[in-house]
Amino acid sequence: MKKKSKSVNKHTVKRMIALVSKYKFFVILSLLMAIISVASQLYAPILFGNAVDLIVGKGNVDFDGIIKIIIRTLIVIAVTAVSQWLMSIINNNITYRVVKDVRVKAFRHLQNMEISYIDSHNHGDIVSRLITDIDQFSDGLLMGFTQLFTGVATIIGTLIFMVLVNPKITLIVVLLTPASLFLASFIARKTHVMFHKQSEARGDITTHINEMIGNQKVVKAFGREENSIEKFEDVNKRLTEYSLQATFFSSLVNPSTRLINALVYAGVGAFGAVSVMSGSGFTVGQLTCFLSYATQYAKPFNEISGVITELQNALACAERVFEFIDEKPQIPDSENAKVLTNPDGTVSFENVCFSYSKDKELIKNLNVSVKQGQRVAIVGPTGCGKSTIINLLMRFYDADSGAIIVNGENSKNFTRASLRTNFGMVLQETWLKAGTVRENIAYSKPDATDDEIIAAAKLTHAHSFIKRLTNGYDTVLGEDGGSLSQGQKQLLCITRVILNLPPMLILDEATSSIDSRTEIRIQKTFTKMMKGRTCFVVAHRLSTIKESDVILVMKDGKIVEQGTHESLLEKNGLYSEIYNSQFAEA
């Protein structure tokens with residue numbers, strides 16, 4: 001398991017480097033600023049050492065020399081400040097450009113994902129990967145650029161300067177300091193596992209909160225508040241434990257490296273003091289300079305240890321983001337895929353087989369032939385495959401075998417976009433985006449005029465309730481329709497389809513949330529809009545499909561009966577049983 005984590009780490013690091021390499025010009029510029037900043041900081045101790053020698057070296061204070069050193073020091077400070085400021089701007093630029101690229105790539109991938117992935121994964125976890133994990137990745141990357149380059153440059157530069165001042169004392173520093181790196185590396189390996197578990201737990205808690213916000217009415221209706229709180233506390237407890245363990249291990253790094261660095265400083269001070277007193281030519285100013293270098297040399301190790309800890313968190317989050325990006329996308333349209341234009345409305349299923357789970361069959365050898373302009377109703381008990389047929393028609397899922405023929409050709413020969421454009425779909429599950437009523441209706445036809453939008457709303461009898469809203473068609477709706485009733489949301493969804501009527505229609509329980517009086521009116525509208533168009537109507541209320549040209553009765557993924565309303569009643573089969581049970585209930 002550890003080996004796998006290590007290999008994943010290396011792969012993740014390589015991908016991060018590949019993302020950053022796109023901005024190599026800025027990276028080189030950042031390195032240049034880091035070198036200038038470090039060089040100017042390392043030159044300052046030499047100036048301080050020279051100043052000390054001018055004060056204590058000859059018995060008399062050389063004020064002229066000290067003034068010159070002060071002027072040089074001010075110049076060095078100015079150069080350091082400007083270079084660090086520029087480096088900060090450059091590093092922010094690199095980091096947020098890289099993060100923008102990752103976020104765009106992840107969101108584009110989301111749009112190209114198989115619907116099966118979206119249906120089978122927690123939405124909260126997906127949201128957590130695309131938002132929280134990318135933000136955590138951003139923080140680690142920024143710290144890496146800000147401190148890693150400068151730290152490495154400081155270590156290398158300080159070593160060079162120390163060797164030039166006194167090679168023997170430099171040897172003490174070189175022998176002791178690597179211990180802090182090994183210690184930091186050892187602890188970092190331990191923290192990575194905890195940070196990864198922390199990210200997963202964060203995804204779980206996001207999922208739970210997302211579910212509770214979206215279904216709060218259901219939770220309250222069944223009195224499950226305490227159960228929801230218990231589950232939240234369980235996930236929150238796991239998140240807390242992983243966070244504490246990750247923080248505990250990572251917090252060991254800084255004090256451990258500081259201890260080693262303090263030993264280095266003490267060793268340099270003791271050996272340097274002996275060298276000064278022995279008259280070996282090692283001056284007090286040089287000792288002051290060397291002690292300053294020892295501190296500067298040790299400081300990056302502390303910073304790098306902190307960076308390593310933050311990078312472990314960033315790597316754990318990056319892994320989750322890359323896992324999502326690496327998920328198999330939907331099979332792309334073939335290179336020879338055609339654009340479906342002006343279809344004649346003929347649709348047929350030829351020996352179609354499909355199942356969501358490979359170990360459980362659903363649709364088996366389905367054969368249906370629909371002529372141009374026919375109104376086809378699909379009925380049957382829950383779970384028999386009615387909505388699955390719609391998913392296959394729209395190519396949200398592809399059949400495991402067999403073919404769906406549209407306009408005389410296999411639907412796979414057409415681009416998904418053009419195929420779906422030729423189907424107008426109203427589902428039982430409504431979806432409205434955050435925006436105005438006008439924008440939601442015009443979602444199917446962005447260039448629609450106000451007159452067209454109002455005309456469509458009048459056809460669905462949505463115009464009257466829209467006018468009663470605070471700002472009419474300019475009323476801003478919240479997420480998923482805000483405070484609108486389910487029936488009002490469904491009316492807007494129907495209006496959206498009517499605004500841009502395609503050659504074929506799919507109505508999946510399209511009026512399930514609408515009152516009976518409005519439904520009767522809308523059915524008249526549907527009758528007009530269905531004229532000359534091939535229509536697939538999924539319905540539980542059989543009273544709404546009496547006028548259908550063909551009624552398909554499904555059971556266990558198969559069509560068990562087929563015919564008109566009257567002919568199916570005469571058969572006294574499953575359709576007659578369902579119809580009579582509804583009539584009896586009425």
Fill in: Polar side chain donor-acceptor pair, Asn336 to Ser334, under 3.5 angstrom
no
Worksheet item: Going by distance alone, is a donor N or O of one side chain under 3.5 Å from an acceptor N or O of the other, for Tyr397 and Thr388?
Response: no
Practice prompt. For Arg15 and Phe322, work out which heavy atoms get closest and say how close.
Written response: NH1-CB, 3.7 Å
Can you check whether [X] reaches [Y] side chain to side chain, under 4.5 Å on heavy atoms?
{"X": "Leu432", "Y": "Cys493", "answer": "yes"}
{"X": "Leu315", "Y": "Met16", "answer": "yes"}
{"X": "Arg438", "Y": "Asp450", "answer": "yes"}
{"X": "Glu452", "Y": "Ile441", "answer": "no"}
{"X": "Ser387", "Y": "Asp508", "answer": "yes"}

With a cut-off of 6.0 Å (strictly less than), are more than 12 heavy atoms of other residues, nucleotides or ligands near [atom1] of [X]?
{"X": "Lys571", "atom1": "NZ", "value": "yes"}
{"X": "Lys445", "atom1": "NZ", "value": "yes"}
{"X": "Asn112", "atom1": "CG", "value": "yes"}
{"X": "Ile331", "atom1": "CD1", "value": "no"}
{"X": "Lys364", "atom1": "NZ", "value": "yes"}

Item to complete: Determine, for Asp204 against Arg238, whether the closest basic-nitrogen to carboxylate-oxygen distance falls under 4.0 angstrom.
Response: yes
Item to complete: Kindly state each residue pair satisfying salt bridge (Lys or Arg N to Asp or Glu O under 4.0 Å) with at least one member in residues 402-415, sequence neighbours excluded.
Response: Lys338-Glu409
Discussion item. Checking the side chain of His11 only, and the main-chain atoms of Glu319 only, is there a donor and an acceptor separated by less than 3.5 Å?
Written reply: no
Worksheet item: Parallel, tilted or perpendicular for Phe354 and Tyr356, by the 30°/60° rule?
Response: perpendicular
Item to complete: Describe, in one word, how the ring planes of His565 and Tyr575 are oriented to each other, choosing from parallel (under 30°), tilted (30 to 60°) and perpendicular (over 60°).
Response: perpendicular
Listed pairs under 3.5 Å, donor-acceptor, residues 458-466 side chains, sequence neighbours left out:
from	atom 1	to	atom 2	distance (Å)
Thr460	OG1	Ala457	O	3.1
Thr460	OG1	Thr495	OG1	2.6
His463	ND1	Tyr473	OH	2.6

Worksheet item: Within 45 degrees of the axis of the six-membered ring of Phe324 and under 6.0 Å from its centre: does Arg129 put its NZ or CZ there?
Response: no
